[in-house]
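Side chains are part of it too, since the values below use all heavy atoms of this structure and drop only hydrogens, waters and symmetry mates. Since the structure is predicted, the reported quantities are computational estimates derived from the model, not experimental observations.
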Amino acid sequence: MTNKYRTHNCNELRKEHIGNDVILSGWINKKRDHGNLLFIDLRDNYGVTQCIIDKENSNFGELEKIQLETVIRVDGKVVNRSNETINKEIKTGEIEVVIKKFKVLGTCKELPLPVFSDQEYAEEIRLKYRFLDLRRKKIHENIILRSKVISFIRNQMNKLGFLEFQTPILTSSSPEGARDFLVPSRLNPGKFYALPQAPQQFKQLIMVSGFDKYFQIAPCFRDEDARADRSPGEFYQLDLEMSFVEQEDIFNVVEKLLVNTFKEFSNKKLLFNKFPRITYNEAMLKYGSDKPDLRNPLIINDITEIFSRDDVTFEIFKKLVKSGSIVRCIVTKNTKDKPRSFFDNIDKWAKEQGASGLAYFTIEKELSGKGPVGKFFSKESLKEIMRLTGAEVGDSIFLACSKKKELEKITSLARDKIAQDLDLIDNEIFAFCWVVDYPMFEKDEMTNKIEFSHNPFSMPQGEINKINFEKPLDILAYQYDIVCNGIELSSGAIRNHIPELMYKLFSIAGYSKEIVDKKFSGMINALSYGAPPHGGIAPGIDRIVMLLANEKNIREVTMFPMNQNAQDLMMNAPSDVNEKQLKELNISLKSKK
RNA sequence: GGGGGUGUAGCUCAGUUGGUUAGAGCGAUCGCCUGUCACGCGAUAGGUCGAGGGUUCGAGUCCCUUCACUCCCGCCA
């Protein structure tokens with residue numbers, strides 16, 4: 001493409017263009033002023049070209065004074081660079097452009113943050129001047145990567161026969177799940193739309209409508225507090241749903257899609273090409289979490305039974321076990337020679353996490369326990385611990401004792417912490433897994449109430465007429481997550497498409513038929529008019545790109561993110577609105593600060 | 001809502017046990033320099049030390065309150 005702004009982009013010129021007259025446009029990335037000779041690195045989206053001008057040219061003085069990041073057009077001639085001045089760092093490094101004339105296309109004030117720099121800046125200033133921040137190399141490349149990943153995924157989905165549909169952004173609030181973003185309705189005073197937390201019900205309705213395979217790069221909105229891997233406000237999912245499928249069919253599609261995507265966009269190795277499947281219960285026991293980082297080789301073991309032995313004299317734990325606590329441990333291989341400080345630091349760290357600390361001892365030759373609590377264990381009991389955990393002489397054992405939920409939390413954190421301290425995690429791999437067989441219900445520890453543990457629309461496992469509804473906590477669901485390197489990437493399920501069964505499950509969680517009919521009228525109604533068995537999943541796009549870009553923070557792969565308080569510092573959102581707007585919406589504010 | 005960290009020049013940071021006029025690099029402005037690619041050299045400007053209060057002869061430094069950003073917990077079917 002040639003127009004009045006450019007004949008080539010800033011990453012295009014090579015040796016074969018030497019002698020050509022060219023026009024380039026871009027930003028002044030860097031100037032090197034030798035007084036009578038000036039180098040200008042001209043940058044655009046594609047790359048950098050060195051341009052040069054000397055005092056002979058009447059434009060020299062003017063160009064010499066121009067600010068960095070000014071946008072200019074350069075007319076010049078491509079010339080050879082002598083061998084010793086070739087720059088191998090840039091693609092255009094064998095040539096340079098001798099400037100004949102130039103024109104300022106966009107002036108630039110003094111910069112609040114430098115563009116040409118690898119320094120890190122406070123997020124506040126980066127977000128306020130996001131348009132400058134986005135010019136910087138690393139994040140510019142992240143955003144381009146994001147575009148390519150999305151386009152690759154879309155392409156794959158099309159090839160697999162999925163149809164892409166849009167679903168409403170203004171929809172209804174749902175009683176389950178996260179807090180909704182609400183939008184007041186002008187035409188229906190006092191009523192509100194909600195932004196969708198996910199197109200969950202719509203994609204099921206698409207299946208009921210007979211479209212068979214659907215996908216969408218779907219914006220999802222949840223009004224929850226931010227984390228490093230969770231933007232406040234909005235995020236994107238590859239939302240997909242298929243009819244006439246079993247869990248296995250979904251697994252096949254998504255596993256292939258993710259393997260292809262990760263192989264296409266990263267050089268890191270995949271630890272498993274076939275994702276291992278871990279049941280929810282197994283994950284909670286062995287990793288203390290339903291999003292285990294499988295790069296970490298440490299495993300948690302339950303050794304509660306040891307503390308009912310007479311030859312174990314660890315009275316504090318024994319007493320707690322008697323009152324219903326359990327004991328779990330983490331074995332570290334061959335750590336007998338680690339300094340005392342290694343162990344004490346972990347204990348100290350655990351106390352900072354709010355636990356009562358982590359007890360530890362090392363198994364010595366002759367089967368004796370060394371360390372603060374080692375003396376409480378007899379030779380026979382150590383043998384039994386070794387049998388239960390696979391520990392060997394020279395290994396150390398970290399123990400914690402508590403109620404189940406609390407224990408899972410601290411052992412999970414300890415597993416990460418100890419692995420980090422021992423440098424056990426290989427950063428150059430992706431370790432995917434499926435977490436399967438989620439329980440349909442769980443008991444709220446505070447209220448003792450039975451609640452849905454995940455998605456109320458999931459299909460319970462087993463023959464429908466054989467499900468024992470008397471023991472709801474034993475009912476498993478066709479509900480599954482994909483986890484990669486300890487990050488939850490996707491959540492999905494085979495859906496319950498049978499209204500009678502849905503009423504039954506909702507009644508267990510304390511919802512009457514009337515409430516279900518009211519809250520989920522669209523869904524329930526649709527399912528009573530010939531619904532196909534169906535299921536789906538929704539991998540998180542932002543997190544996928546975050547992993548591929550090797551970033552720890554989701555804002556590094558989001559073009560215009562909000563800050564932790566859900567404010568857009570560049571656009572000043574959220575903002576006040578005027579009285580007229582409020583009046584139209586039938587809204588009055590309680591108080592104004 | 002709770003806990004941790006951070007806050008000093010436009011940007012990134014240093015600032016000792018409380019002690020004279022708060023420093024450096026980058027950037028800006030001015031000057032010198034024809035082969036740099038983080039060009040080099042010299043000079044100048046630029047500060048309510050996040051804000052408020054307190055202790056003290058004296059506070060960037062100690063104490064209290066508060067604000068902002070960030071990380072974590074809660075929350076996230």
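Contact annotation: A:R43 does not reach the phosphate of B:rC37 (side-chain N/O to OP1 or OP2, under 4.0 Å). Contact check, A:N565 against B:rA68: no side-chain N or O comes under 4.0 Å of OP1 or OP2. Between A:N563 and B:rA68 there is no side-chain polar atom (N or O) within less than 4.0 angstrom of OP1 or OP2. Distances shown here put every side-chain N or O of A:R32 at or beyond 4.0 Å from the OP1 or OP2 atom of B:rU36. In this structure, A:R227 does not reach the B:rG74 phosphate: none of its side-chain N or O atoms is under 4.0 Å from OP1 or OP2. Residue A:K30 places at least one side-chain N or O closer than 4.0 Å to OP1 or OP2 of B:rC39. Remark: A:Q197 is not in phosphate contact with B:rC76, judged by side-chain N or O atoms under 4.0 Å from OP1 or OP2.
Positionally, the nearest nucleotide of RNA chain B for A:A228 lies more toward the 5' end than for the other of A:A228 and A:A198. When each of A:N455 and A:K65 is assigned the nucleotide of RNA chain B with its nearest heavy atom, A:K65 is the one assigned upstream, toward the 5' end.
One can find a donor-acceptor pair under 3.5 Å joining the base of B:rC75 and the side-chain atoms of A:R230.
Every residue meeting the ring pair (Phe, Tyr, Trp, His ring centres under 6.0 Å) condition with A:F251, not counting sequence neighbours, appears here in chain and number order: A:W434, A:Y480.
Across all strands, A:F39 comes closer than 4.0 Å to base atoms (heavy-atom distances). Residue contacts shown for A:E124 are limited to sugar-phosphate atoms, with no base heavy atom under 4.0 Å away.
In the set B:rG35, B:rC71, B:rA28, the nucleotide with an atom closest to the side chain of A:R555 is B:rC71.
Checking A:Y287 against A:N296 by side-chain atom types alone, no donor-acceptor pair falls below 3.5 Å.
Taking atom C1' in both B:rC13 and B:rU6, the straight-line distance is 13 Å, to the nearest Å.
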Between the protein and nucleotides 7-11 of chain B, which nitrogen or oxygen pairs are less than 3.5 angstrom apart?
residue, atom, partner, partner atom, Å
B:rG10, O2', A:P112, O, 3.2

